[in-house]
*Asks:* 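So that we are looking at the same thing, I have put the structure below in structure tokens.
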There are 2 protein chains.
Amino acid sequence: MSIATLNAAALAQRLADSGLRATPQREIVYDMLLKKRDHPTADEVFARVKAARPTISLATVYNCLQTLVSCDLVRAVNFERGPTRYCPNLRPHAHFHDEKSGQTHDIDLPPRLLEKVRSVLPRGFAAKSVEITFHGQARHASR
Amino acid sequence: MSIATLNAAALAQRLADSGLRATPQREIVYDMLLKKRDHPTADEVFARVKAARPTISLATVYNCLQTLVSCDLVRAVNFERGPTRYCPNLRPHAHFHDEKSGQTHDIDLPPRLLEKVRSVLPRGFAAKSVEITFHGQARHASR
DNA sequence: GCCTTTCTTTAGAATAGTTCTAATTACTAC
DNA sequence: GTAGTAATTAGAACTATTCTAAAGAAAGGC
Ligand SMILES: [Mn+2]
Ligand SMILES: [Mn+2]
Ligand SMILES: [Zn+2]
Ligand SMILES: [Zn+2]
């Protein structure tokens, strides 16, 4: 069984859990995110998907991305007011935004550190999520 | 000497350092941010300033806010794709976004913690800034 | 297998927040 | 005062995203 088939099955399961249907559009959008994990924008995803399925619309790409986010298969990532980027990495991680190259890098976060960060919250603050973002410059081009 | 006068002097200094002029618009925008530190949007600042200076334009408010940010007197704060909010708190701090009330709270960050967070960056990553944002719900209404 | 209902996709219009443009006004330097 | 520069202003333009309404696809009942 191929990786794509496994992903498709996992996706179908998650969608079903939310009462949603697996569609070719949702599958291909998810596959593209998994194939090139460079935090693309909706426009970039649209361009990549269009190459394989020319009839897809931008609205559908937005719909699919929202759906994937709501199923917790994909994270929406924002830097200032730039276009939203999409990340299929489900491990706890921060984002490093390279201002020079525009590239976004995943930075794994040890659970201990996340605990420490959460512990700065005074009594009465219940955080559902913590986001850590670095801005700067990275030396290597990397993958 | 009044607090407002002191702020105005500090502002004039910072502006001069950047080769910019102190103007009534820049002063009043900065004063409004200092007076009510609730992380207002540009529109909200516009409404507050307009009450005291009815001829000011929204474009000018945007210009002044950008100027204050570029002088490092004010921080621009973004949550997802919502309108940018403005924060005159210069201490190192994180933001807690209360999804229920829409309020934004400042969370002071001990320097030691910031160091720890920066230390997760692999060699080659030079961060000019670190942003920490919590999303959740806060118990008390607070200021 | 049809019928009905519900979900999804699609193209294009609409929206929100912000920036740009070009004209006017206000300073500053000489 | 005059010339040159900087700042403000109103409105147009722009970008990313969501909405709308129509058409298409899938599922369930019988
Ligand atoms: Mn950035
Ligand atoms: Mn939020
Ligand atoms: Zn990521
Ligand atoms: Zn703040």
Side-chain angles (χ1 to χ4, degrees), chain A residues 8 11-12 14-32 39-50 52-71 73-86 102 104, chain B residues 8 11-12 14-32 39-50 52-71 73-86 102 104:
Chain A
L11 169 60
R14 285 298 191 100
L15 288 167
D17 291 348
S18 305
L20 300 170
R21 295 175 187 165
T23 66
Q25 288 89 343
R26 285 168 180 169
E27 282 173 15
I28 196 170
V29 165
Y30 187 42
D31 276 352
M32 288 296 175
H39 302 85
T41 63
D43 265 337
E44 288 166 347
V45 173
F46 179 50
R48 292 173 196 181
V49 169
K50 208 161 206 266
R53 176 172 256 269
T55 58
I56 199 168
S57 75
L58 178 57
T60 298
V61 169
Y62 272 104
N63 290 341
C64 291
L65 290 169
Q66 276 188 197
T67 300
L68 294 172
V69 168
S70 76
C71 291
L73 285 167
V74 168
R75 256 173 78 175
V77 178
N78 290 279
F79 301 116
E80 289 94 56
R81 294 198 53 79
T84 300
R85 299 176 167 278
Y86 296 88
T104 302
Chain B
L11 169 59
R14 286 297 190 100
L15 288 168
D17 292 349
S18 305
L20 300 171
R21 296 177 185 163
T23 66
Q25 288 88 344
R26 284 168 178 171
E27 283 173 15
I28 197 171
V29 165
Y30 187 42
D31 277 352
M32 287 296 175
H39 302 84
T41 63
D43 265 340
E44 287 165 348
V45 173
F46 179 50
R48 291 173 198 182
V49 169
K50 210 163 206 268
R53 176 172 256 270
T55 58
I56 200 168
S57 74
L58 178 57
T60 297
V61 170
Y62 272 105
N63 291 340
C64 292
L65 289 170
Q66 277 188 198
T67 300
L68 294 171
V69 168
S70 75
C71 291
L73 285 165
V74 167
R75 256 171 78 175
V77 178
N78 291 279
F79 300 116
E80 287 96 54
R81 294 198 52 79
T84 299
R85 298 176 169 277
Y86 296 89
T104 302

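Chain naming here is simple, since letters A, B, ... match the order of the sequence lines and numbering starts at 1 in each.
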*Asks:* Which heavy-atom pair separates B/I56 from B/F46 by the least distance, and what is that distance?
*Replies:* O-CE1, 3.4 Å

*Asks:* What's the CZ-C1' distance between A/R53 and C/dT8, to the nearest Å?
*Replies:* 12 Å

*Asks:* Can you tell me which nucleotide in D/dA6, C/dT9, C/dT8 comes closest to the side chain of B/R21?
*Replies:* D/dA6

*Asks:* Counting only side-chain heavy atoms from C-beta out, which of C/dT8, D/dT8, C/dT10 sits nearest to A/T60?
*Replies:* C/dT10

*Asks:* So, for B/V69 and B/A76, which heavy atoms are closest and what is the spacing to 0.1 Å?
*Replies:* CG2-N, 4.1 Å

*Asks:* Let me know the distance between CG of A/L20 and P of D/dA27, rounded to the nearest Å.
*Replies:* 13 Å

*Asks:* Check whether any side-chain heavy atom of B/V49 lies under 4.5 Å from a side-chain heavy atom of B/D31, and answer yes or no.
*Replies:* no

*Asks:* Starting at atom CG of B/L65, determine the distance to atom C1' of D/dT8, rounded to an integer number of angstrom.
*Replies:* 14 Å

*Asks:* Check whether any side-chain heavy atom of B/Y86 lies under 4.5 Å from a side-chain heavy atom of B/E44, and answer yes or no.
*Replies:* no

*Asks:* How far does OG1 of A/T23 sit from CG of A/L15, to the nearest 0.5 angstrom?
*Replies:* 7.5 Å

*Asks:* Could you identify which residues of residues 78-86 of chain A place a heavy atom less than 4.0 Å from some atom of DNA chain D, listed by residue number, or say none?
*Replies:* A/P83, A/T84

*Asks:* Given atom CD1 of B/I28 and atom C1' of D/dT9, what is their separation to the nearest angstrom?
*Replies:* 16 Å

*Asks:* What distance do A/L65 atom CG and A/L73 atom CG have between them, rounded to the nearest 0.5 Å?
*Replies:* 12.0 Å

*Asks:* Between atom CG in A/N63 and atom P in D/dT20, what is the gap in whole Å?
*Replies:* 13 Å

*Asks:* Between atom CG in A/D43 and atom P in D/dC14, what is the gap in whole Å?
*Replies:* 16 Å

*Asks:* Base, sugar-phosphate or nothing for A/T23? Non-hydrogen atoms, less than 4.0 Å.
*Replies:* sugar-phosphate

*Asks:* On DNA chain D, nearest-nucleotide positions of B/R26 versus B/A59: which is more 5'?
*Replies:* B/R26

*Asks:* Indicate, with a heavy-atom threshold strictly under 4.0 Å, whether A/T55 touches base, sugar-phosphate, or nothing.
*Replies:* sugar-phosphate

*Asks:* Take the protein atom CD of B/E44 and the nucleotide atom C1' of C/dA16, then report the distance between them rounded to whole Å.
*Replies:* 14 Å

*Asks:* Would you say D/dT17 has OP1 or OP2 under 4.0 Å from some side-chain N or O of A/Q66?
*Replies:* no

*Asks:* Let me spell it out: for each of B/A22 and B/L58, pick the nucleotide of DNA chain D with the closest heavy atom. Which residue's pick is nearer the 5' end?
*Replies:* B/A22

*Asks:* Out of curiosity, B/T60 OG1 to B/R53 CZ, how far, rounded to the nearest 0.5 Å?
*Replies:* 9.5 Å

*Asks:* Looking at C/dA26, I'd like to know if its phosphate oxygens (OP1 or OP2) sit under 4.0 Å from a side-chain N or O belonging to B/Q25.
*Replies:* no

*Asks:* Starting from C1' on C/dA16, measure out to OH on A/Y62 and report it in whole angstrom.
*Replies:* 13 Å

